[in-house]
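Quick notes on the structure that follows.
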2 protein chains.
Amino acid sequence: MPAQVIVTVDVVLLTLKDERLQVALMKRPQDPFKGELALPGGYVHAEDDADVAAAAYRVLRDKMKLRPPYLEQLGSFSGARRDPRGWSISVCHLALVTPDVIADTHWFPADKLPRLAFDHASLVAAAATRVRNKSSYSALPAYLLPETFTLSELQTIYSQVLGEALEKSSFRRKLRDLDFLEEIPGAFKGGKQRPAQLYRLKGMAVFDRTI
Amino acid sequence: MPAQVIVTVDVVLLTLKDERLQVALMKRPQDPFKGELALPGGYVHAEDDADVAAAAYRVLRDKMKLRPPYLEQLGSFSGARRDPRGWSISVCHLALVTPDVIADTHWFPADKLPRLAFDHASLVAAAATRVRNKSSYSALPAYLLPETFTLSELQTIYSQVLGEALEKSSFRRKLRDLDFLEEIPGAFKGGKQRPAQLYRLKGMAVFDRTI
DNA sequence: GAATATAGTTGCACATTGCCACTATTTGTG
DNA sequence: CACAAATAGTGGCAATGTGCAACTATATTC
C-alpha cells in the first residue's frame with residue numbers, strides 16, 4: 001500500500017478585462033496559506049465526482065457560482081513540497097468566461113500577479129501561455145465573448161490575447177478558411193454607425209493539438 | 001477528509017519499428033486484469049518520487065530497464081470505473097526511445113492494438129495523436145533515432161510518423177528555418193554511396209505549444 | 001572510367017499572407 | 001437633404017513562403 005497522496009483540482013479561471021488576461025483569485029479561508037490569494041480549488045470527491053473535470057466544474061459552481069462555456073485540463077502539478085500538508089497532486093484546469101457574467105469576483109492581471117499560495121503562480125503562467133499559443137490556431141478567444149459577437153469585436157479580443165495588432169483583411173480571410181464561425185441570419189449589432197453582422201461559434205470550434 | 005483516491009502513473013512508451021509507431025506493453029503479473037496486456041505503470045510513491053515525472057522514470061527503470069531520452073506528461077485520466085479497485089487517477093506520460101536499445105520488450109502497433117487492461121487503449125490513442133500533431137512543428141521524431149543521424153534518416157522517420165511523403169528540399173529548408181539541428185563537423189555516415197553529414201539535436205529542441 | 005545510387009543544392013511556378021486602398025451603410029450636423 | 005464622420009466589409013497587389021523538379025556532388029562497383 002502506497003503512502004497517502006493529497007489529490008486536488010485547481011482552476012485557472014481567465015477572462016479579458018481592461019484589455020488583458022485576468023485570473024480569478026480567492027482569499028483562502030483556512031490553513032494552509034490562510035488569508036493568502038489562491039486559485040479556486042479543492043479536494044477531489046471520489047463519492048461525487050465522475051472524474052477530475054467534474055470536480056473542476058463542481059469547484060466553480062460552489063465557489064464562483066458559474067459554469068464556464070470552456071474548460072480543459074491543463075496538466076498535473078505534483079510533489080512533496082508544494083503543499084505543506086504532504087505529498088500532493090493538483091490536476092490544474094483552464095476555464096474561460098466573459099467578464100460581465102461575474103461582477104463580484106476579484107480579478108488580477110495574469111501577467112502581474114500578487115503573491116499566491118502553493119505553486120499557483122506557475123499554474124497561472126502555464127494557463128496564460130496555453131491560451132496565447134492555442135489562440136493562434138483556434139477559436140479559443142471566442143469564449144471570452146458573449147455567445148454572439150461581431151467580427152470586429154472578435155478581432156479586438158484576439159489582438160488583446162495575442163498582444164499584437166492584427167490586419168482586418170487577413171484576420172477575416174483566416175476566419176473564413178478555418179470555418180468555425182456561422183453567420184446569424186438577419187442579426188446585426190448597431191452602434192452609431194453601420195451595423196455589423198453577428199456571428200456565433202459552430203460546434204467543435206476548438207481543435208486540440210495536444211491530446 | 002476526502003475518500004481514498006488511487007494515484008498511479010502510466011507510460012506510453014513509443015518507438016518506430018517496421019515503419020510505424022509501436023507501443024511497449026506488458027502482461028500484468030497480478031490482479032486487477034491479471035494476465036492481460038497493459039502499459040507499464042504503478043503507484044506513485046510519495047516517499048521516493050519527487051513528482052509524477054520522477055515516478056514515470058522510476059517505472060521505466062524498474063519495469064523496462066531504460067531511461068528514455070524524451071518524456072512528457074500527456075494528461076490525467078480519472079474516474080470511478082477505470083480501475084475496479086476504486087476511484088483512481090492515472091497521470092499518463094509519453095516517452096520515446098530508439099527501437100534498437102531494447103530488444104527484449106514486446107512492441108505492438110499503436111494503431112492496431114490488442115485488448116488492453118483499464119482504459120489503456122484510450123491513453124495509447126491520445127499519445128499517438130499527440131506525437132503526430134507535435135511532429136508537424138517540432139523536433140520530436142528525432143528522439144526516435146540515435147543521438148546522431150543523417151538528414152535522410154530523419155526525413156524517413158518524420159514521414160513514417162506523419163504518414164505522408166515529404167519533399168526532400170522543402171523538408172531541409174524547414175529544418176534550416178526551425179534551426180534545432182547542429183552539424184557535427186567532420187562526421188559522416190558512409191553507406192555504399194556518397195557519405196551523409198551527421199547531425200544532432202541542439203538543446204531545447206522540442207517546443208511545447210501547450211503548457 | 002562509366003554506371004549507379006544516394007547526398008545535397010538551385011531555380012521557378014504557385015499558393016499564402018501582409019498591406020493598403022476602396023466601397024458600403026449607418027448616424028449626426030448644417 | 002446633402003455631406004461629413006465613423007465603422008463594416010471587400011478587392012487587389014506585392015512580398016513572402018511552399019511544392020516540385022531538375023540539377024550538381026561524391027561515394028562504390030565493375
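Lettering of chains follows the sequences in order, A, B, ..., and the numbering in each one begins at 1.
- Of the two residues near DNA chain D, K168(B) and D177(B), the one whose nearest nucleotide lies more 5' is D177(B).
- Taking 3.5 Å as the limit, the base of dA8(D) and the side chain of R194(A) contain a donor-acceptor pair of atoms between them.
- Here dA8(D) presents its C1' atom at 16 Å from CZ of F149(A), a figure rounded to the nearest Å.
- The CZ atom of F188(B) sits 14 Å away from the C1' atom of dT6(C) (whole-angstrom rounding).
- Salt-bridge formation is detected for the pair D179(B)/K202(B): a Lys NZ or Arg NE/NH1/NH2 atom is positioned less than 4.0 Å from an Asp or Glu carboxylate oxygen.
- Donor-acceptor pairing under 3.5 Å, judged by distance alone, is present between the side chain of R173(B) and the base of dG19(D).
- Looking at S169(B), its side chain comes within 3.5 Å of the base of dT10(C) through a donor and an acceptor atom.
- Atom CG in L166(A) sits roughly 16 Å away from atom C1' in dC20(C) (whole-Å rounding).
- The shortest distance between the side-chain N/O atoms of S152(B) and the OP1/OP2 oxygens of dA7(C) is below 4.0 Å.
- Atom OH of Y199(B) is separated from atom P of dG8(C) by 6 Å (rounded to the nearest Å).
- Note: CD (Q155(B)) to P (dT9(C)) measures 13 Å, nearest angstrom.
- Proximity of R172(A) to the phosphate of dG9(D): a side-chain N or O atom is located under 4.0 Å from OP1 or OP2.
- Here the closest non-hydrogen pair linking S78(A) and V52(B) is OG-N, 2.9 Å.
- Checking the phosphate oxygens (OP1, OP2) of dG19(D), a side-chain nitrogen or oxygen of S170(B) falls inside 4.0 Å.
- Regarding K189(B), its NZ atom lies at a distance of 10 Å from the P atom of dA7(C), rounded to whole Å.
- Ranked by how close their nearest DNA chain C nucleotide is to the 5' end, K192(A) and E167(A) are led by E167(A).
- Look at CD on E153(B): it is 12 Å from C1' on dA7(C), rounded to the nearest Å.
- Between Y143(A) and the choices F149(A), Y70(A), F180(A), the ring pair (Phe, Tyr, Trp, His ring centres under 6.0 Å) rule is met once, by Y70(A).
- Taking the side chain of Q193(A) as heavy atoms from C-beta on, and the options dT6(C), dT7(D), dT26(D), the nearest nucleotide is dT7(D).
- Only one option out of D83(A), D119(A), D10(A) pairs with S90(A) in a side chain to side chain donor-acceptor pair (under 3.5 Å); it is D10(A).
- No donor-acceptor distance shorter than 3.5 angstrom exists from the side chain of S88(B) to the backbone of I6(B), with no hydrogens or angles considered.
- Atom-to-atom, CZ of F171(B) to P of dC20(D) comes out at 16 Å; the value is rounded to the nearest Å.
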